[in-house]
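Read through the structure below, which is laid out as structure tokens, and then see the notes.
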Amino acid sequence: MTKILVVDDDSHALRLIEFALTKAGYEVITATRGEEGLQKAFQSPPHLAIIDLMMPQMDGYEVCRRLRQNERTAEIPIMVFTARIQEIDRQTALEAGANEFLTKTATPNELVSKVKELLAKSAPAPGVEVTPGQITTLFSLRGGAGVSSIAVNLATALAQQPNQKVALLDLCFSSSSVPLMLNVRPTLSLVELAKEDTTISLSVLEKYMVAHPSGVKVLPLVLSMARVAPISAKTVESVLSVLKNGFNHVIVDTSSSLDDMTLAALTHSDQIILVLVPEVVSVQAAIVTLQAFRSLGVSEEAIVPIVNRTFAQDGLSTETIQNALKRPIKAMIPHEPELLIQAINSGTPLTLSQPATAMATAIRKLASVLSPS
Amino acid sequence: MDVYGKGFIVADFFTHTYRISARADTRKRSLADHLNDRLTSYLELYDTFVSRLHKPSEIVASYSLASLRKDGITFVILATEKETSERHTYGYFAKQFYDVFLTVPSFEIKGKLQVVGKLDLHVLLVKGTDTFITISNPVASPSLFPDITFTGGTVLVNKSRIELFCISESPSP
């Protein structure tokens, strides 16, 4: 039975809300004080919390904040139900972590329908398994290997599979091209998130992500280089662990250096796609990378080497590359520069705009390796 | 805060420096009737939550019982129009709405004034016996923080606090 926690200092309102929700088939737990409500929520997290704003000692804003700060209750949908009707109250409640703001001018029926709506929004769609997801980081120590292009196309290819929630995390300061390649206009980024003194939860991350029509949710690194700020490995780790619990696949686009952010992503990944191009320097960089992975304790099975044929002729053969790496190449991305540039310029990944091309097919094949179902 | 209890009205009371969200016991009368009742100078409030004007959503104090001096109130915002007096809403004269703009200490208020019959500002502001006038669809903004707005169904404005009263020449459509 769906459990709802109602926190309201007014016993009359509390009884009425309890009656309406019980009649609608919910199990209702009540509390008349903010502290009492928090205690009950931490002991046994409810499916949804309805919080009054105007309560003595601890007001509803603070209750929302504390629910969001606690790991056990950070993801609970919160509805603020208050007699305060002003826009500034709504804004403050949403900033404190509420998902919904309803004034007490609403009838009990309206309250119940809002509760249903909020529960439906927060629950995963039937048949969608959202936890635990897989983190896949794409990396190349040699720049210009097409890591971002593959990351974007891979994410959209995975999102085309049934019931797959896909997040795309941009960790590349030097290009930061992911939003451009998907033609999305984010208003917030990881840099802004890192500056906030807030506990990272899925609902917090959702505010910083931008949705692409394919279903991929993008978390950009930075909006403009004028806003660049350092991001700690701890922040990256927190973001990844939260995304892992909210998405089936988390695709991470990294820079071509082993900086703190990249190292954090690599060491927390379930799979690492090592991208190389068929030329000697790239292969040499891949060998060095594999040595680095070994010293970082990355599992051999987690590494998926792939070759991106970024030029038409005179590249090293697959056999030569495999011999040099002493491991098989799992995928070969064909050379289709005109189509790729066209896709980048139009802001629509090749897997969506030209799904029948050899490159899109190869990326879909790679996606099926990551997501066999 | 109880909005379901009979005889109680939840409202935002504004002085020139504070926002006071509270429940007033109207004893089944309208709040306007209570405010215009010259036999009492104070309004009894329950479950009172006080916020400073520059941070109107932050609750700085809360008390279960409070008394508010009526002449200290600049205006009161109510969620719906039902909660004000209806004694001027009947009659044989046409009811018309005029756009109004008024300034009171620390605030500017825009809204619609309902006028029954001929508009006579002297009657409305000077000769009329009511201390508080009713304005519908109000938008009140603190003069120093114009980005913050307070809206509702009705606002009851203390006439003695009005500094500037502007009204459209003809009724609004």
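Convention: sequence-line order gives letters A, B, ...; per-chain numbering from 1. Just the heavy atoms: all of them, side chains too, but no hydrogens, waters or symmetry mates, feed the values below. This one's a predicted model, so the numbers in the text were calculated from it and none came from an experiment.
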Option that, when pairs with chain A are counted at under 4.5 Å, heavy atom only, ranks first among B:Ala61, B:Ser64, B:Pro56: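 Of the options given, most contacts go to B:Pro56.
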Least distance between heavy atoms, A:Ala83 atom then B:Val10 atom: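 Nearest heavy atoms, A:Ala83 then B:Val10: CB-CG1, 3.5 Å.
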Segment of A:Gln91 engaging chain B (4.5 angstrom heavy-atom cut-off):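 Answer is neither: A:Gln91 stays 4.5 Å or more from chain B.
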Under 4.5 Å from any heavy atom of chain B - which part of A:Leu14: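 No part of it gets close to chain B.
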Chain A contact via B:Ser57 - which portion, at a heavy-atom distance below 4.5 Å: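 Both the backbone and the side chain of B:Ser57 come within 4.5 Å of chain A.
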A:Asp52 vs A:Val63 side-chain heavy atoms within contact, under 4.5 Å: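 When only atoms from C-beta onward are counted, A:Val63 and A:Asp52 do not touch, as no gap falls below 4.5 Å.
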Stepwise side chain to side chain donor-acceptor pair (under 3.5 Å) check, B:Ser51 with B:Arg19: CA-CA 5 Å; B:Ser51 303; B:Arg19 172 192 183 186; 5.3 Å; no
Geometric class of the B:Phe107/B:Phe75 ring pair [parallel <30°, tilted 30-60°, perpendicular >60°]: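 Ring orientation of B:Phe75 relative to B:Phe107: perpendicular.
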